[in-house]
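As structure tokens, the structure follows; a few thoughts come after it.
The figures that follow rest on heavy atoms only: side chains count, while hydrogens, waters and symmetry mates do not.
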Amino acid sequence: MTISIAHLGPPGTYAEQATVFYANWLAQQTATQAMCRPYPSIAQSLQAVASGQTQLAVVPVENSIEGSVTMTMDTLWQLDTLQIQLALVMPIAHTLISSATSLESIQTVYSHPQALAQCQGWLGRILPNVQLIPSNSTTESLQRLDQDLTAAAIASRRAAQIYNLPILASNINDYPENCTRFWVVSQSQYDLINRSASPTHTSLAFSVPANLPGSLVKPLQVFAQLGINLSRIESRPTKRSLGEYLFFIDLEADAKQAQMQSALAQLTTYAEIIKIFGSYHVLPISIEP
């Protein structure tokens with residue numbers, strides 16, 4: 001059996017690196033072979049799964065330095081048929097890639113906004129006068145570096161190897177314990193993982209009536225009273241009106257557990273819309289130096 005997995009491209013992105021790891025893990029666990037299919041954006045990666053172009057997508061959801069990846073959260077809310085199969089946690093080590101002869105000759109640095117933000121302290125100290133140009137991915141601009149000797153990009157060591165480009169500086173992220181959490185996402189009816197043990201986490205989102213006192217605290221109290229731990233809560237605008245929000249939460253529990261079933265039943269009393277994105281395990285990724 002061969003499946004396809006969507007991810008943010010072009011080749012060499014951290015999303016592709018996480019996808020390759022997952023594909024290898026899946027082959028070991030289930031003997032399923034996977035092909036990686038790059039897409040120009042995170043939203044298009046998720047839409048590829050929703051439309052049936054691919055069976056799975058691997059998308060970043062949270063970084064330990066810069067927080068949530070809002071494109072993933074917003075798109076997942078908009079698409080009703082997707083579920084989380086697994087979470088992957090991968091260490092991130094950024095490098096400065098350039099054909100420039102020295103750091104002093106660099107005038108522009110390209111990368112994904114998350115990568116630029118994760119290296120902003122280093123850039124401010126070492127390259128304080130360069131122009132920072134956001135791109136759709138960490139690898140989108142690498143192909144132009146051969147021709148432009150004043151440009152650089154922030155991407156992975158693996159990306160530099162793929163594009164055969166020099167690394168001028170390594171481990172330039174501001175915090176050494178930098179890591180990103182990815183979600184492996186499928187259509188609701190598609191399940192490749194044999195869950196012999198109960199999932200450890202559940203992710204969901206809900207909206208509440210606007211401008212009502214206690215409209216957020218009451219749903220959260222439901223989980224607290226049942227002893228269910230929240231590992232993350234994040235608000236996102238509904239995009240309908242200023243001051244209206246959706247709330248994304250990660251819980252350390254399986255949605256099928258009795259306490260979670262009770263919590264979800266009570267949650268319907270306070271929430272306007274509830275979307276359960278799935279229950280899943282968390283799998284750490286080891287990266288060779």
Side-chain angles (χ1 to χ4, degrees), residues 22 25-26 29-30 46 49-50 55-64 67-70 72-89 179-210 212-236 238 244-285:
Y22 174 71
W25 179 86
L26 192 64
Q29 297 292 315
T30 68
L46 289 168
V49 181
Q55 286 74 45
L56 299 170
V58 174
V59 291
V61 65
E62 183 184 19
N63 176 261
S64 59
S68 295
V69 180
T70 56
T72 297
M73 296 162 62
D74 290 348
T75 308
L76 202 59
W77 175 266
Q78 293 161 7
L79 299 172
D80 291 327
T81 61
L82 301 184
Q83 72 168 12
I84 302 165
Q85 293 251 350
L86 187 69
L88 307 169
V89 177
C179 61
T180 293
R181 182 161 57 109
F182 296 83
W183 279 338
V184 180
V185 178
S186 70
Q187 289 204 42
S188 299
Q189 73 276 15
Y190 198 82
D191 193 347
L192 274 174
I193 301 171
N194 180 17
R195 294 185 172 90
S196 55
S198 295
T200 57
H201 290 71
T202 296
S203 293
L204 57 86
F206 60 89
S207 61
V208 295
L212 287 180
S215 61
L216 176 58
V217 72
K218 289 177 182 176
L220 298 183
Q221 282 175 338
V222 168
F223 298 107
Q225 290 166 358
L226 288 168
I228 300 170
N229 187 50
L230 274 67
S231 56
R232 182 181 70 117
I233 180 168
E234 183 92 11
S235 65
R236 292 292 299 148
T238 63
E244 290 188 12
Y245 296 95
L246 311 171
F247 297 94
F248 290 76
I249 60 175
D250 294 342
L251 305 141
E252 295 180 354
D254 180 1
K256 293 181 180 179
Q257 291 176 351
Q259 288 159 300
M260 272 291 288
Q261 288 288 302
S262 176
L264 293 172
Q266 294 180 52
L267 187 61
T268 60
T269 306
Y270 305 112
E272 289 182 322
I273 303 172
I274 305 171
K275 295 189 178 184
I276 301 171
F277 300 128
S279 295
Y280 52 89
H281 292 283
V282 178
L283 181 65
I285 297 178

Spacing of Ser215 atom OG and Phe247 atom CZ [to the nearest 0.5 Å]: 6.5 Å
All side-chain hydrogen bond (donor to acceptor under 3.5 Å, both in side chains) counterparts of Thr268, not counting sequence neighbours: none
Side-chain heavy-atom pair Glu272, Pro209 within 4.5 angstrom cut-off: yes
Side-chain heavy-atom pair Leu216, Tyr245 within 4.5 angstrom cut-off: no
Donor-acceptor under 3.5 Å (Gln187 side chain, Val49 main chain): yes
Polar side-chain atom of Asn63 near backbone of Cys179 as donor-acceptor pair, under 3.5 Å: yes
Least distance between heavy atoms, Ala271 atom then Ile274 atom: CB-CG1, 3.7 Å
Heavy atoms from other residues, nucleotides or ligands near NZ of Lys218 exceed 12 (cutoff 6.0 Å): no
Contacts of type side-chain hydrogen bond (donor to acceptor under 3.5 Å, both in side chains), residue Glu252, not counting sequence neighbours: Asn229
side-chain contact (heavy atoms from CB on, under 4.5 Å) evaluation trace for Ser186 with Gln55: CA-CA 6 Å; Ser186 70; Gln55 286 74 45; over 6 Å; no
Separation between CH2 of Trp183 and CG of Leu82, rounded to the nearest 0.5 Å: 11.5 Å
Closest approach of Val58 to Leu88 (non-hydrogen atoms, all atoms of both residues): CG1-CD1, 4.3 Å
Distance in Å, Leu56 CG paired with Gln85 CD, rounded so as to fall on 0.5 Å steps: 6.0 Å
Check: Ala253 main-chain N/O paired with Thr202 side-chain donor or acceptor under 3.5 Å: yes
Heavy-atom closest contact (Val208 atom, Pro219 atom, distance): CG1-CG, 4.2 Å
Heavy-atom pair with the smallest gap, counting every atom of Pro60 and Val69: O-CB, 3.5 Å
Atom pair CD1 (Ile285) and CZ (Phe182), whose distance is rounded to the nearest 0.5 Å: 7.0 Å
Residue pair Ile249 / Phe223, side-chain heavy-atom distance below 4.5 Å: yes
Approximate separation, where rounding is to 0.5 Å, of Thr70 OG1 and Arg236 CZ: 4.5 Å
Worked check of side-chain contact (heavy atoms from CB on, under 4.5 Å) between Leu230 and Leu251: CA-CA 5 Å; Leu230 274 67; Leu251 305 141; 3.4 Å; yes
side-chain hydrogen bond (donor to acceptor under 3.5 Å, both in side chains) against Arg232, all qualifying residues, sequence neighbours excluded: Ser68, Asp250
Close side-chain approach of Asp254 and Met260, heavy atoms under 4.5 Å: no
Flag side-chain contact, heavy atom, 4.5 Å: Tyr270 against Phe206: no
Check: His201 and Ser231 side chains under 4.5 Å, non-hydrogen atoms: yes
Rounded distance [0.5 Å steps], CH2 in Trp77 versus CG in Leu204: 9.5 Å
Any Ile233 side-chain heavy atom under 4.5 Å of Leu220 side chain: yes
Test item: Ser279 side-chain N/O and Ala255 main-chain N/O as donor-acceptor pair under 3.5 Å: yes
